[in-house]
Amino acid sequence: MKKLALLQFDIAFGSPEKNFEKVKQLVSEAVASKPDIIVLPELWSTGYDLSRLDEIGDKDAKKSIAFLSNLAKEYEVNIVGGSIPKQQNNEVTNTMLVFNRDGELVHEYSKAHLFRLMNEEKYLVSGNSKSHFTLENLPCAGFICYDIRFPEWLRLHAIEGAQVLFVPAEWPEQRTDHWRALLISRAIENQCYVIACNRVGSDPDNAFGGHSLIIDPWGKIVSEAGTDETILIGSINEDEISSIRTRIPIFEDRRPDIYI
């Protein structure tokens, strides 16, 4: 059994200093519930102030890595650090950073699918690598927001062993029904836990829907937030994964020989 704390908050638009302080405060509050893993939302340091990323992005992610590493080490907690705008070689990626209890950076993943409706393709470059990592002896994978509309991308990771799928996001309020339906579907079809941390609040162009979720491999909602700032607490039981996969052996019954 592992306990999680998802930090659902309103991100200050284009203000890294304010957001770093906010995350520091929320992590200090979240550890009171003694979670094993803390999860942050997408682009938590800047929000979608994409046109200014050359000014406010994080060069080689150095500041974000030091900050999250120190928090993980100080509180002896694993952190799935949502994502930050990482500047490297005159490009910016939307990059997830994952840390263990010792403050070690165990994984980076850059968002593979860029969302044109929010102009990501104009300011960001997509990642091209898979997203496998291990926390607390659990085989995990990480995705970012729009990635969940590509079931083949998540399925690939499940086939290769992932049992817990983390999804930080800035998902717009008007498509909250899609958010919930897609996440529940990804949990059911992959027989994985899905841990999805969305933001709330708004920026100059968008309102965001919250409804962070912890979903079990049967598609049952373990915990769900509303539309206010909150720390969503929930637990996952890794024994449930093998139990459900035994009951309906979808991975054994796949027919990749006939799939296009």
Side-chain angles (χ1 to χ4, degrees), residues 2 4 6 37-44 58 60-61 64-65 68-69 72 78-89 91-100 104-116 120-121 124-171 179 182-198 213-215 217 236 238 241-242 245 250-252 254-257 259-260:
K2 300 290 185 293
L4 298 105
L6 280 59
I37 304 170
I38 291 176
V39 188
L40 278 63
E42 178 184 16
L43 292 177
W44 59 265
D58 192 350
D60 297 321
S64 301
I65 289 172
L68 294 174
S69 174
N78 301 283
I79 296 178
V80 176
S83 72
I84 54 94
K86 178 181 179 180
Q87 292 180 342
Q88 191 172 34
N89 300 325
E91 296 178 333
V92 183
T93 52
N94 185 343
T95 300
M96 174 188 293
L97 305 170
V98 181
F99 300 83
N100 65 18
E104 298 170 335
L105 176 64
V106 299
H107 182 62
E108 288 190 36
Y109 164 71
S110 293
K111 189 174 186 178
H113 303 91
L114 300 181
F115 189 48
R116 296 175 185 273
E120 287 188 353
E121 83 288 356
L124 300 167
V125 297
S126 58
N128 297 302
S129 300
K130 295 178 186 176
S131 186
H132 291 287
F133 60 95
T134 301
L135 282 182
E136 302 286 288
N137 296 315
L138 283 172
C140 303
F143 308 95
I144 301 174
C145 202
Y146 188 45
D147 281 335
I148 67 172
R149 288 190 181 271
F150 300 86
E152 63 273 29
W153 185 227
L154 280 69
R155 169 54 64 88
L156 176 63
H157 290 75
I159 291 169
E160 294 181 349
Q163 298 182 3
V164 182
L165 311 180
F166 288 92
V167 184
E170 290 203 36
W171 196 277
W179 164 255
L182 289 165
L183 290 168
I184 292 169
S185 296
R186 299 298 85 88
I188 294 170
E189 69 197 11
N190 293 302
Q191 296 178 324
C192 291
Y193 276 99
V194 171
I195 314 299
C197 184
N198 196 22
L213 288 156
I214 298 173
I215 306 165
I236 64 175
E238 48 267 49
I241 302 165
S242 58
R245 290 183 176 183
I250 61 170
F251 293 100
E252 295 175 27
R254 292 178 67 250
R255 289 287 311 281
D257 57 305
Y259 301 159
I260 296 175

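The side chain to side chain contact (heavy atoms under 4.5 Å, CB included) check on R255 picks up D257, I258, Y259, with sequence neighbours excluded. Remark: F150 engages H113, Y146 in a ring pair (Phe, Tyr, Trp, His ring centres under 6.0 Å) (not counting sequence neighbours). Partners of H157 according to the ring pair (Phe, Tyr, Trp, His ring centres under 6.0 Å) rule, which considers only residues two or more places apart in sequence or in another chain, are H132, F143, W153. With sequence neighbours excluded, the residues that form a side chain to side chain contact (heavy atoms under 4.5 Å, CB included) with I250 are R155, Q191, I248. Every salt bridge (charged side-chain N to carboxylate O under 4.0 Å, His left out) that E160 has, sequence neighbours left out, goes to K130.
Legend: salt bridge (Lys or Arg N to Asp or Glu O under 4.0 Å) pairs involving residues 135-153, not counting sequence neighbours, sorted by first then second residue: R101-E136.
Listed here is the closest heavy atom pair of F99 and A72: CB-CB, 4.1 Å. Minimum interatomic distance between I241 and P217 (heavy atoms only, all atoms of both residues): CG1-CG, 3.9 Å. The minimum heavy-atom distance linking L68 with G81 is given by the pair CD1-CA, 4.0 Å. Here the shortest heavy-atom pairing between A141 and A162 reads CB-CB, 3.8 Å.
One distance of note links CD of E238 with CG of N137; it measures 9.0 Å at 0.5 Å rounding. Distance check: I65 CD1 to L97 CG gives 5.5 Å after rounding to the nearest 0.5 Å. The SG atom of C140 sits 9.0 Å away from atom CG of N78, with the distance rounded to the nearest 0.5 Å. Here the OG1-OH distance, from T93 to Y109, works out to 11.0 Å after rounding to the nearest 0.5 Å. Between the CG atom in L43 and the CG atom in L124 there is a gap of 7.0 Å [rounded to 0.5 Å].
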Checklist entry - Passes side chain to side chain contact (heavy atoms under 4.5 Å, CB included), D58 versus K86? Steps please. => result CA-CA 5 Å; D58 192 350; K86 178 181 179 180; 5.9 Å; no
Item to check | Residues L154, V194; criterion side chain to side chain contact (heavy atoms under 4.5 Å, CB included); working and verdict | outcome: CA-CA 11 Å; L154 280 69; V194 171; over 6 Å; no
Checklist entry - Does the pair V106 and T134 meet the rule for a side chain to side chain contact (heavy atoms under 4.5 Å, CB included), with working shown? => result CA-CA 8 Å; V106 299; T134 301; over 6 Å; no
Checklist entry - Can you list the steps and then say if I144 with M96 is a side chain to side chain contact (heavy atoms under 4.5 Å, CB included)? => result CA-CA 8 Å; I144 301 174; M96 174 188 293; 4.3 Å; yes
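In this structure a side-chain-to-backbone donor-acceptor pair under 3.5 Å is missing from R245 to C192. At distances below 3.5 Å, not a single donor-acceptor pair connects side-chain atoms of S110 with backbone N or O atoms of T95. A distance-only check finds no donor-acceptor pair linking the side chain of N94 to the backbone of K111 [under 3.5 Å]. Judged by distance alone, the side chain of R186 and the main-chain N or O of I148 form a donor-acceptor pair under 3.5 Å. Put simply, the side chain of Q163 never gets that close to the backbone of P139: no donor and acceptor are under 3.5 Å apart.
C145 places a side-chain heavy atom less than 4.5 Å from the side chain of W171. Counting only heavy atoms from C-beta outward, the side chains of I195 and V80 never approach each other to under 4.5 Å. Using a 4.5 Å cut-off on side-chain heavy atoms (C-beta onward), Y193 and L138 make no contact. Contact of the F166 side chain with the F133 side chain is registered, since non-hydrogen atoms from C-beta on lie closer than 4.5 Å.
A side-chain contact (heavy atoms from CB on, under 4.5 Å) with L135 is found for one member of V164, I79, V98 and no other, namely V98. The only member of L4, L40, L6 that meets side-chain contact (heavy atoms from CB on, under 4.5 Å) when paired with C197 is L6.
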